[in-house]
4 protein chains.
Amino acid sequence: MFIKIDFTSDMPIYEQIKNQIIEAVARGELQNGDSLPSIRDLASEIGVNMHTVAKAYNELKDMGLIAINKKHGAYIAVSKGYNKEFLNEIIEEVTPIVAKAICKGMNKNELIRLIETIFDSFGGREDG
Amino acid sequence: MFIKIDFTSDMPIYEQIKNQIIEAVARGELQNGDSLPSIRDLASEIGVNMHTVAKAYNELKDMGLIAINKKHGAYIAVSKGYNKEFLNEIIEEVTPIVAKAICKGMNKNELIRLIETIFDSFGGREDG
Amino acid sequence: MFIKIDFTSDMPIYEQIKNQIIEAVARGELQNGDSLPSIRDLASEIGVNMHTVAKAYNELKDMGLIAINKKHGAYIAVSKGYNKEFLNEIIEEVTPIVAKAICKGMNKNELIRLIETIFDSFGGREDG
Amino acid sequence: MFIKIDFTSDMPIYEQIKNQIIEAVARGELQNGDSLPSIRDLASEIGVNMHTVAKAYNELKDMGLIAINKKHGAYIAVSKGYNKEFLNEIIEEVTPIVAKAICKGMNKNELIRLIETIFDSFGGREDG
DNA sequence: GTGGTCTAGACCACC
DNA sequence: GTGGTCTAGACCACC
């Protein structure tokens with residue numbers, strides 16, 4: 001599996017797992033129906049506790065990216081379409097970053113180009 | 001002072017303080033030389049511990065937004081210009097957000113327009 | 001057969017089977033004497049383990065909705081009339097839902113109208 | 001504190017805790033701003049593990065009934081107003097119960113009267 | 001003092 | 001074999 005944990009990071013392990021799976025889906029490496037390793041397998045592979053992986057998987061389920069069942073374990077099941085709440089979440093997360101960039105003298109074009117570069121790094125996939 | 005803490009939020013209080021000062025600078029409401037309230041005053045005004053305000057101020061100093069000295073207390077002192085480290089920090093913070101947006105089916109134009117709207121909400125200031 | 005399993009759901013499969021049969025009886029689609037598919041057939045049709053279907057059938061038998069025998073297999077055999085135990089079961093199931101609705105600001109009329117709509121969706125059958 | 005756990009119940013402990021707090025809010029016994037015992041205090045009082053209480057509190061936070069912060073611990077903070085998702089959740093929970101009642105020969109008036117009785121048992125509070 | 005994260009390990013329901 | 005629940009206990013961030 002493709003998960004790489006930085007144990008020295010301030011970011012909680014479960015969030016690192018979550019983010020890396022989100023990014024693999026964004027890149028198209030993981031597609032609808034693709035199965036994720038079982039909680040216990042992934043936990044032992046990356047050397048963390050079962051509960052840590054379970055927390056990551058459950059948050060991915062809550063955000064509508066995977067489904068979990070006892071028969072097949074966890075697999076990608078993206079529920080596309082964002083609502084107002086999701087948009088507000090994105091805005092709240094992005095706003096302080098934009099403010100920081102402005103303070104440091106970054107102009108709008110530079111910021112846009114940076115975002116575009118990041119977006120394109122996921123392969124420009126706009127379908128599912 | 002203009003700081004409003006949401007005690008309901010998951011975001012740590014010191015980070016809320018930090019972000020609101022960053023955003024005030026980005027908006028141009030706080031400019032170089034403007035003084036911030038003393039740690040003690042701000043702490044008592046918003047009803048939090050002095051340590052909490054001190055932590056926010058110290059991180060603002062570390063990121064080159066304010067200066068602190070015994071004589072004048074804390075005041076805005078923006079060191080413009082970003083290095084590679086700063087850029088990497090921005091990239092690391094933005095990447096998981098962009099990935100999430102892609103997963104939910106947001107396309108590049110929608111994302112760019114969202115970022116532009118947020119940028120413009122700070123007054124489009126690209127100077128100091 | 002009319003059973004549709006949502007493998008994405010948190011609801012156990014045996015309970016989904018059970019509920020869909022209960023709802024078919026409530027709608028009048030299944031009537032006394034109508035036979036259900038054999039455990040083996042239903043299991044293979046919906047792609048689940050035989051134990052899972054057997055558990056659903058056994059709970060339906062326990063609640064007095066179906067009968068099972070070697071000769072005819074499983075068939076609808078509704079024992080109408082509810083005792084105090086059944087009433088208490090309903091009350092225990094409904095109470096937390098009503099409490100949740102009240103917390104979220106739903107008033108009595110709104111709740112009653114919702115229940116009526118659901119009731120009527122079964123065809124308003126009040127006989128057997 | 002008012003929480004009573006039935007350790008023989010099939011219902012998970014964290015859900016019993018959650019339901020009893022929801023019901024206390026519905027009854028008006030707990031009002032906005034009222035503080036809940038700390039996770040560890042409640043855990044030791046009812047004789048369960050800290051994590052079990054934490055899970056209940058976190059789900060209450062997710063459904064918008066309480067707020068949690070490190071200074072004041074958990075306290076009631078009801079976000080009134082239900083959206084379409086909440087309504088669908090209620091409908092999905094109530095539908096199998098209504099179906100069961102119909103199968104057992106309960107008519108619409110009997111069911112409505114039962115729901116009304118349960119609703120009124122919370123004090124008929126329709127304000128916050 | 002408060003919740004958040006994480007561990008190691010157990011038992012259980014569902015499949 | 002899978003995830004879900006629960007325990008007992010640790011360390012940490014925030015306050």
Side-chain angles (χ1 to χ4, degrees), chain A residues 5 7 9-17 35-44 46-59 61 66-75, chain B residues 5 7 9-17 43 46-56 59, chain C residues 5 7 9-17 43 46-56, chain D residues 5 7 9-18 35-44 46-59 61 66-75:
Chain A
I5 299 304
F7 289 100
S9 166
D10 283 338
M11 193 186 290
I13 297 169
Y14 78 89
E15 213 168 322
Q16 294 185 44
I17 298 171
S35 71
L36 259 34
S38 83
I39 286 176
R40 279 158 176 85
D41 283 356
L42 182 53
S44 88
I46 62 185
V48 303
N49 189 277
M50 180 199 95
H51 291 114
T52 305
V53 177
K55 181 159 190 176
Y57 277 20
N58 273 312
E59 297 209 350
K61 188 184 78 177
I66 72 172
I68 304 176
N69 69 54
K70 315 212 175 194
K71 199 177 189 179
H72 310 94
Y75 54 95
Chain B
I5 300 303
F7 290 101
S9 166
D10 283 334
M11 192 186 290
I13 293 170
Y14 80 90
E15 214 169 319
Q16 294 187 44
I17 297 171
I46 61 185
V48 302
N49 195 293
M50 290 200 320
H51 293 357
T52 307
V53 177
K55 178 158 190 176
E59 298 209 352
Chain C
I5 300 302
F7 290 100
S9 166
D10 282 334
M11 192 185 290
I13 293 170
Y14 80 90
E15 214 170 319
Q16 293 186 44
I17 297 171
I46 61 185
V48 301
N49 195 293
M50 290 200 319
H51 293 357
T52 306
V53 177
K55 178 158 189 176
Chain D
I5 300 303
F7 290 98
S9 167
D10 284 337
M11 192 186 291
I13 296 170
Y14 77 88
E15 213 169 321
Q16 294 186 44
I17 297 171
K18 194 174 68 162
S35 70
L36 259 34
S38 84
I39 286 176
R40 279 158 176 84
D41 283 357
L42 182 53
S44 88
I46 62 186
V48 302
N49 189 276
M50 185 198 92
H51 291 113
T52 305
V53 177
K55 180 159 190 176
Y57 277 20
N58 274 312
E59 297 209 350
K61 187 183 78 178
I66 73 172
I68 303 176
N69 68 54
K70 314 210 175 199
K71 198 175 189 179
H72 310 93
Y75 54 94

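Every heavy atom of this structure was used, including side-chain atoms; hydrogens, water molecules and symmetry mates were not. Every value quoted in this text rests on a predicted model; they were computed, and no experiment measured them. Chain naming here is simple, since letters A, B, ... match the order of the sequence lines and numbering starts at 1 in each.
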State, yes or no, whether a side-chain contact exists between A:Asn49 and A:Arg40 at a heavy-atom distance under 4.5 Å. no

Minimum-distance pair of heavy atoms, taken over all atoms of C:Asp10 and A:Lys61: OD1-NZ, 3.3 Å

Side chain D:Arg40 and base E:dG1 donor-acceptor under 3.5 Å: no

Measure the distance from CG on A:Asn58 to P on F:dG3 and round it to the nearest whole Å. 10 Å

Roughly how many Å is it from CG in D:Asn69 to P in E:dG4, rounded to a whole number? 10 Å

Determine: side-chain N/O of D:Lys71 to OP1/OP2 of F:dC14, distance under 4.0 Å, yes or no. no

At under 4.0 Å, does any side-chain N or O of D:Lys70 touch on OP1 or OP2 of E:dG1? no

4.5 Å side-chain heavy-atom contact, D:Leu36 and D:Tyr75: no

Can you check the A:Leu42 CG to E:dT7 P distance for me, whole Å? 12 Å

With nearest nucleotides of DNA chain E determined for A:Met11 and D:Ala74 from heavy-atom distances, which residue corresponds to the more 5′ nucleotide? D:Ala74

Under 4.0 angstrom, heavy atoms only, what part of the nucleic acid is A:Val48 near: base, sugar-phosphate, or nothing? sugar-phosphate

Here the distance between atom C1' of E:dG3 and atom CE of D:Met50, to the nearest Å, is 8 Å

Considering the options A:Thr52, A:Asp41, A:Ile17, which one meets the side-chain contact (heavy atoms from CB on, under 4.5 Å) requirement together with A:Ile46? A:Ile17

Using whole Å, what does the distance between atom P of nucleotide E:dG3 and atom OH of D:Tyr57 come to? 7 Å

A side-chain contact here means heavy atoms from C-beta on lying under 4.5 Å apart; do A:Gln16 and A:Ser9 qualify? yes

Between C1' of F:dG3 and OH of A:Tyr75, the distance in whole Å: 13 Å

Is there a donor and acceptor pair, one atom on the side chain of D:His72 and one on the base of F:dC15, closer than 3.5 Å? no

Could you please name the option among E:dT7, E:dC14, F:dG4 that lies closest to any side-chain atom of A:Asn49? E:dT7

OP1, OP2 of F:dC14 versus side-chain N and O of B:Tyr14: anything below 4.0 Å? yes

What's the NZ-C1' distance between D:Lys18 and F:dG4, to the nearest Å? 14 Å

Closest-nucleotide mapping onto DNA chain F: is A:Ile68 or A:Asp10 further toward the 5' terminus? I mean the 5' end. A:Ile68

Side-chain-base donor-acceptor pair under 3.5 Å for D:His51 and F:dG9: yes

Atom-to-atom span, NZ of D:Lys55 to P of F:dG4 - whole angstrom: 7 Å

With a 4.5 Å cut-off on side-chain heavy atoms, are D:Asn58 and D:Ile68 touching? yes

What one should report as the nearest heavy-atom pair of D:Tyr57 and D:Pro37 is OH-O, 2.8 Å

Toward the 5' end of DNA chain E, by each residue's nearest nucleotide, D:Ser38 or C:Ile13: D:Ser38

Specify the closest pair of heavy atoms between D:Gly47 and D:Phe7, including all atoms of both residues, with the distance to one decimal. O-CZ, 4.3 Å

The dot-bracket string of DNA chain E, counting Watson-Crick and G-U wobble pairs with both distances under 3.5 Å, using [ ] for crossing pairs and | for pairs to another strand, is ||||||||||||||.

